[in-house]
Protein chains: 2
Amino acid sequence: MPTDKNIELSISDDHASAPPKAAKKILDVAYDLFYRRGIRAIGVDEIVKRAGVTKPSLYRSFPSKDELAASYLRQYDLEYWERFDEAVKAHPDDPRAQIKAFLTRIGKRTQVADYRGCGMTNAAVEYPDHSHPARVVSEANKQELRRRLRVMAAAMGAQDADTLGDGLLLLIEGAYISGQLFGLGGPAQSVATNADLLIEASLKK
Amino acid sequence: MPTDKNIELSISDDHASAPPKAAKKILDVAYDLFYRRGIRAIGVDEIVKRAGVTKPSLYRSFPSKDELAASYLRQYDLEYWERFDEAVKAHPDDPRAQIKAFLTRIGKRTQVADYRGCGMTNAAVEYPDHSHPARVVSEANKQELRRRLRVMAAAMGAQDADTLGDGLLLLIEGAYISGQLFGLGGPAQSVATNADLLIEASLKK
DNA sequence: ATGTATACGTACCGATCGGTAACATTGTCA
DNA sequence: TGACAATGTTACCGATCGGTACGTATACAT
């Protein structure tokens with residue numbers, strides 16, 4: 001998938017004769033608006049307006065709004081696994097600590113005002129149709145998350161690794177959703193604690 | 001959940017001075033469409049068409065589409081607590097069994113094709129603005145769910161009742177979401193099992 | 001200087017959005 | 001019969017939706 005493109009050079013591209021590329025500006029703005037306010041809620045007119053470009057520019061880089069939404073989620077996917085891998089790398093060969101680190105981070109993120117949960121989850125709610133381009137990306141992301149959690153649960157030595165992996169996924173999804181539902185002080189702040197309790201209860205004795 | 005269709009001729013309602021009420025037909029159809037396909041995805045034209053009424057009829061009974069959506073959720077709220085109370089009544093004075101029954105039911109519901117999760121949760125995702133009429137109803141429902149779960153967790157004798165109650169809420173929300181994300185065979189089928197593990201690990205010894 | 005290719009803008013499309021005005025029709029009850 | 005309330009009918013509103021036809025500007029190589 002060509003994630004249009006030129007994401008690099010992020011630090012400084014103001015120098016010299018390199019205009020910031022309409023496609024990148026569009027994707028950046030779409031990312032922000034789609035995530036914060038929802039995909040269906042944002043029209044292409046608002047995107048191009050905020051990006052300082054025009055509509056034909058959008059449609060030269062992206063074949064449709066739906067595909068722009070899919071591109072937004074592909075970018076989201078990249079950053080998602082970066083965060084995930086950070087937690088993993090911070091605790092080599094210790095899947096339980098990896099999970100704890102990842103969930104602690106999620107729990108913290110949910111405790112900021114106007115937290116909007118997981119872009120992948122939100123997109124799937126907005127588009128029930130499994131064939132929608134955005135939903136395809138979302139489902140793939142979640143399948144991968146499930147796979148990783150099950151692998152980690154097995155590495156922890158769970159009695160039933162698949163059940164524990166799925167339980168952790170339920171807690172994570174619950175944190176994403178209740179984070180945006182309850183705002184500050186909501187149930188999501190206890191996700192890491194509850195996950196650790198669940199892990200403890202699921203290990204082979 | 002009302003399968004659309006005019007309730008006309010339903011057993012006994014044709015007699016006497018009770019015309020089938022356009023408002024009821026509209027709300028039934030809106031309920032079905034909003035739940036299955038999302039609120040933003042459904043236009044008022046489609047609602048009145050499927051309900052066999054006209055647009056002015058809709059706006060005589062509901063001041064706006066947003067308020068119709070709120071009415072849909074108020075109806076959803078009623079039926080939600082009916083289901084909840086069924087599980088409660090089935091196991092008097094046994095909150096752990098009550099939770100297990102409620103979650104087993106949720107786990108089963110998530111395992112049907114085209115499951116669409118919780119209407120309350122979905123509406124909150126569709127409308128991030130806390131002042132939106134639909135979201136107000138949704139947030140109230142979730143606050144009440146949280147309150148009940150915490151009370152039940154306390155009644156179970158949890159070491160930290162609030163944490164357990166919130167953990168159960170996370171699992172429930174996770175089940176709603178992953179139920180519609182993964183379809184058959186998804187993580188939501190293990191929600192009751194995981195909840196019971198979490199409860200076991202949270203009780204005072 | 002000129003050709004060529006790419007990037008961009010102006011202006012517009014038909015369709016649909018939520019919502020309404022004005023009037024005709026119906027059934028119920030008095 | 002007459003009054004009333006509920007619903008239907010038709011036609012319309014301005015705004016916004018996603019998307020496009022087509023002309024213009026700039027950059028660079030020849």
Side-chain angles (χ1 to χ4, degrees), chain A residues 2 4-6 9 13-30 33-34 37-72 123 126-127 129 131-135, chain B residues 6-9 12-30 33-34 37-72 123 126-127 129 131-135:
Chain A
D4 297 20
K5 81 243 328 227
N6 314 15
L9 264 202
D13 62 15
D14 49 319
H15 68 66
S17 56
K21 288 289 184 200
K24 182 186 188 316
K25 288 194 289 183
I26 290 166
L27 187 55
D28 285 350
V29 169
L33 291 177
F34 283 164
R37 312 208 342 236
I39 298 170
R40 295 197 113 113
I42 299 296
V44 291
D45 291 281
E46 183 163 1
I47 293 174
V48 299
K49 190 176 157 194
R50 305 265 271 243
V53 301
T54 56
K55 238 192 297 192
S57 281
L58 191 157
Y59 285 96
R60 276 175 213 116
S61 299
F62 306 92
S64 65
K65 184 200 175 185
D66 288 345
E67 281 301 329
L68 173 59
S71 292
Y72 143 57
E126 284 199 90
Y127 295 99
D129 181 356
S131 67
H132 190 283
R135 173 140 192 154
Chain B
N6 321 3
I7 309 303
E8 74 206 84
L9 292 211
S12 65
D13 131 13
D14 45 322
H15 70 60
S17 57
K21 288 289 184 194
K24 179 178 190 325
K25 289 194 289 184
I26 291 166
L27 187 55
D28 285 350
V29 168
L33 291 177
F34 283 163
R37 311 209 342 235
I39 298 170
R40 294 198 115 111
I42 298 296
V44 292
D45 290 281
E46 184 164 0
I47 293 173
V48 299
K49 191 175 154 194
R50 303 265 272 244
V53 301
T54 56
K55 235 187 308 187
S57 279
L58 191 158
Y59 284 97
R60 282 179 203 118
S61 300
F62 305 92
S64 66
K65 184 199 174 185
D66 288 345
E67 280 301 329
L68 174 58
S71 293
Y72 144 57
E126 284 200 89
Y127 294 98
D129 180 356
S131 68
H132 190 285
R135 174 142 191 152

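Because the structure is predicted, anything quoted here is derived from the model rather than measured. Naming convention: chains lettered A, B, ... in sequence-line order (proteins, then strands); numbering from 1 in each chain.
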Next item on the list: Do nucleotides 10-25 of chain C as a string where each nucleotide becomes B, S or -: B if the base has a protein heavy atom under 4.0 Å, S if just the sugar-phosphate does, - if no protein is that close.
Entry: B------SBBBBB---
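For the residue pair Leu33(A) and Arg50(A), the shortest heavy atom distance occurs at CD2-NH2, 3.4 Å. Taking every heavy atom of both residues into account, Ile47(B) and Val29(B) meet most closely at O-CG1, 3.8 Å. In plain terms, the two heavy atoms of Ser61(A) and Ala23(A) that are nearest each other are OG-CB, 3.4 Å.
Judged by distance alone, with hydrogens and angles left aside, the side-chain atoms of Glu126(B) form a donor-acceptor pair with the main-chain N or O of Ile39(B) at under 3.5 Å.
Straight-line distance from the NZ atom of Lys49(B) to the P atom of dG8(D): 17 Å, rounded to whole Å. Per the geometry, NZ belonging to Lys25(A) stands 13 Å off C1' belonging to dG9(C), to the nearest Å.
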Item checked: CA sep, side-chain torsions, deciding dist, call: Val53(A), Val48(A), side chain to side chain contact (heavy atoms under 4.5 Å, CB included) -> CA-CA 5 Å; Val53(A) 301; Val48(A) 299; 4.0 Å; yes
